[in-house]
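Beneath this line is the structure, given in structure tokens, with notes to follow.
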Amino acid sequence: MFINSIDIREITSSIKKYINTNTALISVGEHTEINIKELVNSLNKNGISFIGGIFPKVIFNNATYEKGIVVSSLYNVVHLSTINNISKKQYTVSPFFFENNKNYSLITYVDGLTSYISNFLSKLYENYGMKTNYFGGGAGSLSLKQAPCIFSKDGFFEDAAVVCIMEMKSSIGVKHGWKKLEGPYIVTKAKKNIIEEINWEAPFDIYQKIVEKDTQTKFTKDNFFQMAMGYPLGIIKQGVDYIIRDLFLLATKRL
């Protein structure tokens with residue numbers, strides 16, 4: 001369901017009618033002019049189960065929107081949790097008992113501009129293993145300024161994630177669509193989500209040569225983000241497709 005209203009009561013009423021007794025997965029375009037804290041309070045007062053995130057754009061019926069709210073109804077929800085302090089690694093993943101001979105699916109929204117996201121995903125897997133399928137995404141603003149972007153009944157947070165487990169069979173039916181251009185290379189030095197060396201060299205020097213050769217365009221101090229959007233990094237994982245990581249900032253030749 002797509003909602004373009006900015007009236008909190010109208011939004012709440014529409015969500016309640018749409019999901020009935022299920023859980024709402026709420027994705028909000030970052031330029032939607034609503035107060036998320038007020039929306040959280042309204043949803044809680046109306047007894048609505050929900051998790052959500054703020055995104056640069058939302059997708060509905062093959063179109064993208066910077067303003068608007070997309071709501072999906074999550075069925076057979078058996079577990080919801082909010083996890084804070086992702087970057088500080090000061091959190092625990094809530095335990096859950098998976099029954100044998102049942103199918104489970106897990107969806108998570110995480111602050112896409114925080115650090116140690118890979119560690120968070122690893123902790124999910126350490127706790128839940130192969131007993132569930134996993135899918136989800138990173139929330140946040142295209143301005144690259146970290147701010148609250150994850151919400152649940154517990155509030156509106158940055159440096160956080162929400163987790164929903166459903167008793168449901170699922171499969172992944174999409175791929176990232178990127179093609180290999182160069183490599184492989186080895187990340188020889190990294191700190192959190194910053195690459196400090198590739199093949200014992202400044203990472204931007206290598207990245208710059210590859211991208212400028214392919215685009216026939218020179219990097220400047222003003223066009224890094226626009227060019228980097230078309231040239232993400234791919235992490236090799238045995239037996240599966242590349243894991244894609246977008247580049248956001250350039251700091252003294254570090255990526």
Side-chain angles (χ1 to χ4, degrees), residues 24-32 36 50-60 64-72 74 80-89 91 93 105-128 132-152 154-165 170 172-178 187 190-195 224-226 228-235 237 240-251 255:
L25 177 66
I26 306 171
S27 304
V28 182
E30 70 168 312
H31 294 297
T32 308
I36 296 296
F50 66 95
I51 57 173
I54 310 294
F55 298 88
K57 293 183 181 181
V58 293
I59 303 172
F60 184 75
T64 60
Y65 302 87
E66 293 181 347
K67 295 182 179 181
I69 303 169
V70 174
V71 181
S72 300
L74 303 179
L80 288 172
S81 62
T82 305
I83 300 174
N84 290 292
N85 299 316
I86 299 295
S87 67
K88 298 175 183 176
K89 298 193 282 188
Y91 59 87
V93 174
S105 298
L106 180 153
I107 183 168
T108 181
Y109 279 172
V110 60
D111 182 347
L113 295 177
T114 196
S115 54
Y116 291 121
I117 293 176
S118 294
N119 183 76
F120 162 68
L121 297 176
S122 294
K123 281 189 174 293
L124 285 184
Y125 192 79
E126 286 172 11
N127 282 267
Y128 302 144
T132 178
N133 287 335
Y134 299 82
F135 55 105
S141 170
L142 204 58
S143 70
L144 305 183
K145 294 179 180 178
Q146 190 173 13
C149 60
I150 297 292
F151 57 93
S152 69
D154 300 313
F156 187 32
F157 308 101
E158 65 178 86
D159 192 23
V162 285
V163 176
C164 172
I165 300 175
S170 65
I172 297 175
V174 295
K175 293 187 176 181
H176 53 66
W178 295 101
V187 175
K191 183 178 181 181
K192 294 185 179 180
N193 58 347
I194 298 173
I195 299 175
F224 174 79
F225 182 61
Q226 285 73 22
M229 287 175 64
Y231 293 86
L233 301 182
I235 301 173
K237 189 171 183 180
V240 298
D241 208 349
Y242 287 95
I243 299 171
I244 299 301
R245 290 292 181 263
D246 292 308
L247 299 175
F248 290 127
L249 295 173
L250 174 65
L255 299 174

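Values below: all heavy atoms of this structure, side chains included; hydrogens, waters and symmetry mates excluded. Predicted model only: the values in this text are computed from it and were never measured.
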Compile the donor-acceptor pairs under 3.5 Å between side chains in residues 142-149 and protein atoms, sequence neighbours left out, one pair per line.
unit_1: Ser143; atom_1: OG; unit_2: Ser141; atom_2: OG; d: 2.8
unit_1: Ser143; atom_1: OG; unit_2: Lys145; atom_2: N; d: 3.3
unit_1: Gln146; atom_1: NE2; unit_2: Asp111; atom_2: OD2; d: 2.8

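Minimum interatomic distance between Val58 and Gly68 (heavy atoms only, all atoms of both residues): CG2-O, 4.0 Å. Taking every heavy atom of both residues into account, Ala24 and Val71 meet most closely at CB-CG1, 4.1 Å.
Glu30 contributes atom CD, which lies 10.0 Å from atom NZ of Lys57 (distance to the nearest 0.5 angstrom). Here the CG-OG distance, from Leu113 to Ser87, works out to 12.0 Å after rounding to the nearest 0.5 Å. Here the CD1-CD1 distance, from Ile165 to Ile107, works out to 12.0 Å after rounding to the nearest 0.5 Å. Note that CZ of Phe55 and OG1 of Thr32 are 12.0 Å apart. Values are rounded to the nearest 0.5 Å. The CZ atom of Phe120 sits 3.5 Å away from atom OG1 of Thr108, with the distance rounded to the nearest 0.5 Å. To the nearest 0.5 Å, atoms CD1 (Ile83) and CG (Asp159) are separated by 11.5 Å.
Residues satisfying the side-chain hydrogen bond (donor to acceptor under 3.5 Å, both in side chains) criterion with Ser170, sequence neighbours excluded, are Ser105, Asn133. Under the side-chain contact (heavy atoms from CB on, under 4.5 Å) criterion, Tyr125 pairs with Met130, Tyr134, not counting sequence neighbours. In terms of the ring pair (Phe, Tyr, Trp, His ring centres under 6.0 Å) criterion, residue partners of Tyr128 (sequence neighbours excluded) are, by chain and number, Phe98. Residues passing the ring pair (Phe, Tyr, Trp, His ring centres under 6.0 Å) test with Phe60 are Phe2, sequence neighbours excluded. Under the side-chain hydrogen bond (donor to acceptor under 3.5 Å, both in side chains) criterion, Asn84 pairs with no residue at all, not counting sequence neighbours. The side-chain hydrogen bond (donor to acceptor under 3.5 Å, both in side chains) search around Thr132 returns none, not counting sequence neighbours. Applying the side-chain contact (heavy atoms from CB on, under 4.5 Å) test to Val162 and every residue at least two apart in sequence or in another chain returns Ile51, Thr82, Tyr109, Ile150, Ser152. Residues satisfying the side-chain hydrogen bond (donor to acceptor under 3.5 Å, both in side chains) test with Asn119, not counting sequence neighbours, are Tyr91.
Remark: Ile59 CD1 is loosely packed, at most 12 non-hydrogen atoms of other residues, nucleotides or ligands lying under 6.0 Å away.
Using a 30° and 60° split on the angle between ring planes, Phe50 and Phe151 fall in the tilted class, from 30° to 60°.
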Ile195/Leu233 under side chain to side chain contact (heavy atoms under 4.5 Å, CB included): CA gap, chis, key distance, verdict: CA-CA 11 Å; Ile195 299 175; Leu233 301 182; 3.3 Å; yes
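The shortest side-chain heavy-atom distance between Ile26 and Ile69 falls under the 4.5 Å cut-off.
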